[in-house]
Amino acid sequence: MNRPLSEIKDEELIKEFQDNNTLEAYETLVRRYKDPLMNFVYRFVGDKDACTDIVQETMIKFYLNKDSYKSFAKFSTWIYTIAGNLAKNELKRRRRRTIFSISDNDDEKTPQIEDKMFHSPEKLTDGEIRNEIIEKALLKVKPVYREVVILRDIQDLSYEEISEITGLAVGTVKSRINRGRAHLQKLLKHIYKD
Amino acid sequence: MNNIYNEKEMKNSELIKDLKNLPKIQAPENFEYNLMTRIENRNFEKTEAEKTNFNWAKFFAPSAVVVTVVILFFLLMPQSRQNDNKFASNDKNIESQALVDNSAALKNEILNKSGNENANKSAAGTEKRSLEKPNPNSPQPVGRIPFGYSRSVSLDDYIKGANNQDNLIQGNVVNSGETPSSFDGFFLVEKPDQNTLKKERARIDSLKNAKAKADSLKRLKKLP
């Protein structure tokens, strides 16, 4: 391999890592995907610490199970699938913890998008506040819809890629995205009046 | 179909634009360093988020099922099956019944022996003496003790290693291994009391004499 690693495609890098156990190839892939995965997992889970742990775990799983990757699939969909599964597990664990926890704190469970009451319409145009409200609303959408909305509208993946990651049919992916968006629009109706 | 989705996408265009413009989250600076350190140290333990927490519901659900099954088993089990082991409950009865049966067996033995002696005398010693075998059709005292005589073993003989012909003929050998055993149990053998033997012999002789006299009288009556 004479080209610099940064110019090599993902699939070639993982092949190199699988065949020759080249740690540089692995590091390059980690560098490429750590931020997109952090973004995806953070939007899905809504907790930065847990998100860092999940992405670390994703990379460890990638390192340990490199041979389970098959070259006919895209590397990006494979790594997103691992991260998505770990994020879903984390959400399930949290739900269980919430059910059995004696000292439930409702503030932790439900994002308070009702904060809008304290913001005047002029202030809502302020980007930071607006983003904060959207983020909180996104966490209120059901995980099955949230995942696909994040992958499509935030991560900018194609329907086919999302279909591969989630294991759903493309049609199902599209309808779930629309439902997710509609729910989000409903939650944010004070921002998007029409 | 695609048009519907495109229309909806247009409708939500502002929302989609805002979602795209949400601030991008970046991994912490030491992310790679921590990861590579973990890999070098081969520290692949699950992180705190992955660790499974102890769950009371998970713990109680299976144990509650087991406890319920055990309680139901004892409540619904028929009463008769609880005292299935007759040996454990009726030791004294079994012992007394076995003694009664042994004395009956002793009587049979004496009758057989004296019968054989007579037969030998009448046959002038030409016929070979055949072994007396217990008649399988003869009634067995099975109902009185928890095992049948025809399917049991003389304990004394068995311990001595002299498993006599009767035991073997009856097929009452204690088996081992996977072959199903026909063995039903041990019975107690009492040594015959000499006085009882004498009394029984005298009684049987007198009966025989009486029978012989009756026969001779009948013969005399038949004579013209």
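Because the structure is predicted, anything quoted here is derived from the model rather than measured. The chains referred to below are lettered A, B, ... by the order of the sequence lines, with proteins before strands, and numbering in each begins at 1.
- Using a 4.5 Å cut-off on side-chain heavy atoms (C-beta onward), A/Glu128 and B/Pro23 make no contact.
- Distance check: B/Phe31 CZ to A/Thr52 OG1 gives 7.5 Å after rounding to the nearest 0.5 Å.
- A/Ile60 touches chain B through backbone and side chain together, each having a heavy atom under 4.5 Å away.
- In this structure, the portions of B/Gln26 lying under 4.5 Å from any heavy atom of chain A include both its backbone and its side chain.
- Here the CD atom belonging to A/Glu57 is positioned 10.0 Å from the CZ atom belonging to B/Phe44, to the nearest 0.5 angstrom.
- In terms of modelled atom types and a separation under 3.5 Å, the side chain of B/Glu32 and the main chain of A/Val30 share no donor-acceptor contact.
- Using a cut-off of 4.0 Å between Lys/Arg side-chain N and Asp/Glu carboxylate O, B/Glu14 and A/Arg130 are scored as salt-bridged.
- Side-chain contact check for B/Met36 versus A/Tyr26: some heavy-atom pair is nearer than 4.5 Å.
- Looking at A/Arg43, the atoms closer than 4.5 Å to chain B (heavy atoms on both sides) all sit in the side chain, from C-beta outward.
- Note on B/Lys24 versus A/Asp35: no salt bridge recorded, every NZ/NE/NH1/NH2 to OD/OE distance being 4.0 Å or above.
- In this structure, chain B has no heavy atom under 4.5 Å from any part of A/Val41.
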Requested in this report: For the pair A/Gln185 and B/Asn12, evaluate side-chain contact (heavy atoms from CB on, under 4.5 Å) and give the outcome as yes or no after the intermediate values.
Outcome: CA-CA 8 Å; A/Gln185 188 98 18; B/Asn12 299 321; 2.9 Å; yes
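- Only the side chain of A/Leu23 comes within contact range of chain B, judged by heavy atoms closer than 4.5 Å.
- Other residues, nucleotides and ligands contribute more than 12 heavy atoms inside 6.0 Å of the NZ atom of A/Lys88.
- Other residues, nucleotides and ligands place more than 12 heavy atoms under 6.0 Å from the CZ atom of A/Arg32.
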Query - Test log, rule side-chain contact (heavy atoms from CB on, under 4.5 Å), inputs B/Leu19 and A/Leu184 - result: CA-CA 11 Å; B/Leu19 284 171; A/Leu184 204 51; 4.0 Å; yes
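- The distance from atom CD1 of A/Ile154 to atom CD1 of B/Ile16, rounded to the nearest 0.5 Å, is 11.5 Å.
- Atom NZ of B/Lys199 sits in a sparse spot, with 12 or fewer heavy atoms from other residues, nucleotides or ligands closer than 6.0 Å.
- Heavy atoms of other residues, nucleotides or ligands lying less than 6.0 angstrom from CD of B/Glu29 number 12 at most.
- Proximity of A/Lys48 to B/Pro28: side-chain heavy atoms (C-beta onward) are nowhere separated by under 4.5 Å.
- In this structure, no portion of A/Ile177 lies under 4.5 Å from any heavy atom of chain B.
- For the pair A/Phe40/B/Ile25, no side-chain contact is recorded, criterion being any heavy-atom separation below 4.5 Å from C-beta on.
- The number of heavy-atom neighbours closer than 6.0 Å to NZ of A/Lys66, taken from other residues, nucleotides and ligands shown, is above 12.
- Distance check: A/Asp153 CG to B/Asp18 CG gives 11.0 Å after rounding to the nearest 0.5 Å.
- Ranking B/Ile39, B/Asn34, B/Asn21 against chain A, the residue ahead of the rest is B/Ile39, based on heavy-atom pairs under 4.5 Å.
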